[in-house]
Amino acid sequence: MKAPVLPLTDASTITSSVGIALVGFGRWGANHARAAGEADGVRLVGVVEPEEGRRSFASATYDIPCWTNISEAFDHPDVEAVVVATPASTHTEVAQQALLSGRHVLVEKPAATARTEAQRLVDLAEASGLQLSAGHTFLYAQPVRNVAAWIRECAPSRPWVLRSERLGGRRRADCDVLWNLAPHDISLLLYLMDEPIIEVSTRAHVFPGGKRWDTATIDLSFASGARGEIYVAWRHPGAKRSLRVLAEDWTLTYRHGRGSDYLNATRNDGRPLDRDVLFHGCGRDVRGEAAIGYPEPLRVELEEFAKACREMRPTVTGPEHLLAVTAVLAACAQSAEGDGIPVRV
């Protein structure tokens, strides 16, 4: 099945807003609440948050009911879908509860930390006719969609090597760097290449004072023979989010920044490339080394999730993608435990 290269959401086709309950009002949960308030086709019905201070803040900010337990949210008749933004170790359990209650689910990454867990969620959603989508927000960024379309439709040749770096951030109490940061990069590379990853080799390290992997280097083999290289690390001066795609006769560079990104593609022999597709839907048309702006991916993700709930079709990060990312991550973790041994996916 070919992964779709989707345009920006046309939320005007959503006939009625989808009522969602947000489970978890930490740093990222608060971002979801804000984005839900700005998104078309989405209505934030209430928040589930056990911590009293956060619960009070959410209630006062959005004038909505806030509950201490998810079962209370299920009692509300307007809750059609659930966004899971709890600690990573609880994602699968909370998503399963929501699916069993008959609600559509958008679950933050990692959606699961084992293939069997991911398959169980997918089976539940399919058996109940419910939407299940993973929170891989970079696939909702217009530059990423443009890069995917350019590689598939416009590039002079197929990529040989894709290198992705995601550096900087705080240590997580319940998740190592592999499961915290690498889901984005694995999701991104799978989407851009539109083919399976068949083998991985991962080396991971714990820095002094740490309890879980602080850095990981992943080598990936695609079915076509193309290679992927991913480097993720928490302990890094500043934040860096970058992608470099190398082919026989062209090179593409993408750097994600706060508020604007850098995107450029050049032919290795200096001849011009047709790059119009790369800048479609962005805030300004650029022809050189300039920043580009675009709609917030989190908002687009929520709008497309709501549209999928109404139209009963999967999102770009739906069950098939969720399973593929989880399978690759599980293989990476197995390889890291074996000090970098190659593992088939």
Side-chain angles (χ1 to χ4, degrees), residues 1 3 88-89 91-92 108-119 121-122 134-139 144 147-148 151 158-167 169 172 175-207 210 212-236 240-247 254 316-345:
M1 177 180 177
S89 60
H91 286 177
T92 303
E108 269 305 322
K109 53 83 188 168
T113 55
R115 301 182 203 198
T116 53
E117 292 178 353
Q119 189 64 59
L121 292 179
V122 169
H136 300 141
T137 54
F138 274 80
L139 300 201
V144 168
V147 169
I151 288 175
R158 290 286 290 172
W160 280 355
V161 180
L162 298 90
R163 297 173 180 166
S164 184
E165 289 186 311
R166 195 166 304 272
L167 310 176
R172 303 294 293 265
C175 186
D176 61 53
V177 74
L178 180 63
W179 288 96
N180 177 231
L181 295 184
H184 285 307
D185 303 275
I186 291 169
S187 171
L188 178 62
L189 266 57
L190 281 169
Y191 181 61
L192 294 181
M193 290 299 291
D194 194 22
E195 63 176 275
I197 292 169
I198 60 173
E199 187 176 86
V200 302
S201 177
T202 304
R203 299 290 298 272
H205 304 279
V206 180
F207 291 149
R212 295 175 176 83
W213 291 324
D214 288 298
T215 180
T217 303
I218 306 169
D219 291 320
L220 310 167
S221 298
F222 287 92
S224 65
R227 305 286 298 178
E229 301 169 359
I230 295 173
Y231 178 43
V232 292
W234 283 330
R235 311 295 288 177
H236 186 270
K240 181 180 181 181
R241 309 287 187 262
S242 68
L243 171 73
R244 192 170 179 84
V245 185
L246 309 173
Y254 172 50
V316 70
T317 57
E320 184 176 344
H321 192 75
L322 187 157
L323 284 172
V325 172
T326 305
V328 174
L329 280 166
C332 289
Q334 182 182 347
S335 175
E337 292 286 358
D339 200 24
I341 59 170
V343 173
R344 300 287 291 185
V345 178

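Position 1 is the first residue of the sequence, and the numbers go up from there. Because the structure is a prediction, the values reported are computed rather than measured.
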Could you check whether any side-chain N or O of [X] sits under 3.5 Å from a backbone N or O of [Y], counting only pairs where one atom can act as donor and the other as acceptor?
{"X": "H91", "Y": "E108", "value": "yes"}
{"X": "S335", "Y": "A331", "value": "no"}
{"X": "R244", "Y": "E165", "value": "no"}
{"X": "T317", "Y": "A134", "value": "yes"}
{"X": "E199", "Y": "S221", "value": "no"}

Compare every heavy atom of [Y] with every heavy atom of [X], then report the nearest pair and how far apart it is.
{"X": "P110", "Y": "A88", "answer": "CD-CB, 3.9 Å"}
{"X": "V177", "Y": "A216", "answer": "CG1-N, 4.1 Å"}
{"X": "L329", "Y": "A182", "answer": "CD2-CB, 4.0 Å"}
{"X": "A148", "Y": "Y191", "answer": "CB-CE2, 3.7 Å"}
{"X": "H184", "Y": "G135", "answer": "CE1-O, 4.2 Å"}
{"X": "L121", "Y": "A111", "answer": "CD1-O, 3.9 Å"}

Q.
Suppose we screen for side chain to side chain contact (heavy atoms under 4.5 Å, CB included). Which residues come up paired with A233, at least two apart in sequence or across chains?
A.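 With neighbours one apart ignored, the set is L167, T215, Y231.
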Q | Contacts of type side chain to side chain contact (heavy atoms under 4.5 Å, CB included), residue I341, not counting sequence neighbours | A |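 Applying side chain to side chain contact (heavy atoms under 4.5 Å, CB included) to I341 gives V343.
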Listed pairs under 3.5 Å, donor-acceptor, residues 112-119 side chains, sequence neighbours left out:
unit_1	atom_1	unit_2	atom_2	d
T113	OG1	E117	OE1	3.3
E117	OE1	T92	OG1	3.3
E117	OE1	T113	N	3.0
Q119	NE2	D123	OD1	2.9

Looking at [atom1] of [X] and [atom2] of [Y], how far apart are the two atoms once the value is rounded to the nearest 0.5 Å?
{"X": "D219", "Y": "I197", "atom1": "CG", "atom2": "CD1", "answer": "11.5 Å"}
{"X": "H236", "Y": "D214", "atom1": "NE2", "atom2": "CG", "answer": "13.5 Å"}
{"X": "I151", "Y": "R158", "atom1": "CD1", "atom2": "CZ", "answer": "7.5 Å"}
{"X": "L162", "Y": "L220", "atom1": "CG", "atom2": "CG", "answer": "9.0 Å"}
{"X": "M193", "Y": "S224", "atom1": "CE", "atom2": "OG", "answer": "4.5 Å"}

Q | Steps toward side chain to side chain contact (heavy atoms under 4.5 Å, CB included) verdict (W234, R172) | A | CA-CA 9 Å; W234 283 330; R172 303 294 293 265; 3.7 Å; yes
(Q) Would L243 and L192 count as a side chain to side chain contact (heavy atoms under 4.5 Å, CB included) here? Give the steps. (A) CA-CA 11 Å; L243 171 73; L192 294 181; 3.5 Å; yes
(Q) Between R212 and C175, is the side chain to side chain contact (heavy atoms under 4.5 Å, CB included) condition met? List the steps. (A) CA-CA 7 Å; R212 295 175 176 83; C175 186; 5.8 Å; no
Q. If we only count heavy atoms from C-beta on, is the R163 to I230 side-chain gap below 4.5 Å?
A.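 Heavy-atom side-chain distance check fails, nothing below 4.5 Å.
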Q) Does some side-chain heavy atom of L189 sit less than 4.5 Å from a side-chain heavy atom of S164? A)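 Yes - at least one pair of side-chain heavy atoms lies under 4.5 Å apart.
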Q.
Going by the rule salt bridge (charged side-chain N to carboxylate O under 4.0 Å, His left out), which residues pair with E337 if we only count those two or more places apart in sequence or in a different chain?
A.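 If we apply the salt bridge (charged side-chain N to carboxylate O under 4.0 Å, His left out) test to E337, skipping adjacent residues, there are no hits.
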Q.
Would K109 and V325 count as a side chain to side chain contact (heavy atoms under 4.5 Å, CB included) here? Give the steps.
A. CA-CA 10 Å; K109 53 83 188 168; V325 172; over 6 Å; no
Q. Just wondering, are more than 12 heavy atoms of other shown residues or ligands nearer than 6.0 Å to CZ in R227?
A.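 For R227, atom CZ is crowded (more than 12 foreign heavy atoms under 6.0 Å).
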Q: Sequence neighbours left out, what pairs pass salt bridge (charged side-chain N to carboxylate O under 4.0 Å, His left out) with at least one residue falling in residues 175-187?
A: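 Sorted pair list: R166-D185.
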Q.
Under the rule for side-chain hydrogen bond (donor to acceptor under 3.5 Å, both in side chains), what residues qualify as partners of S89, not counting sequence neighbours?
A.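 Residues passing side-chain hydrogen bond (donor to acceptor under 3.5 Å, both in side chains) with S89: D174.
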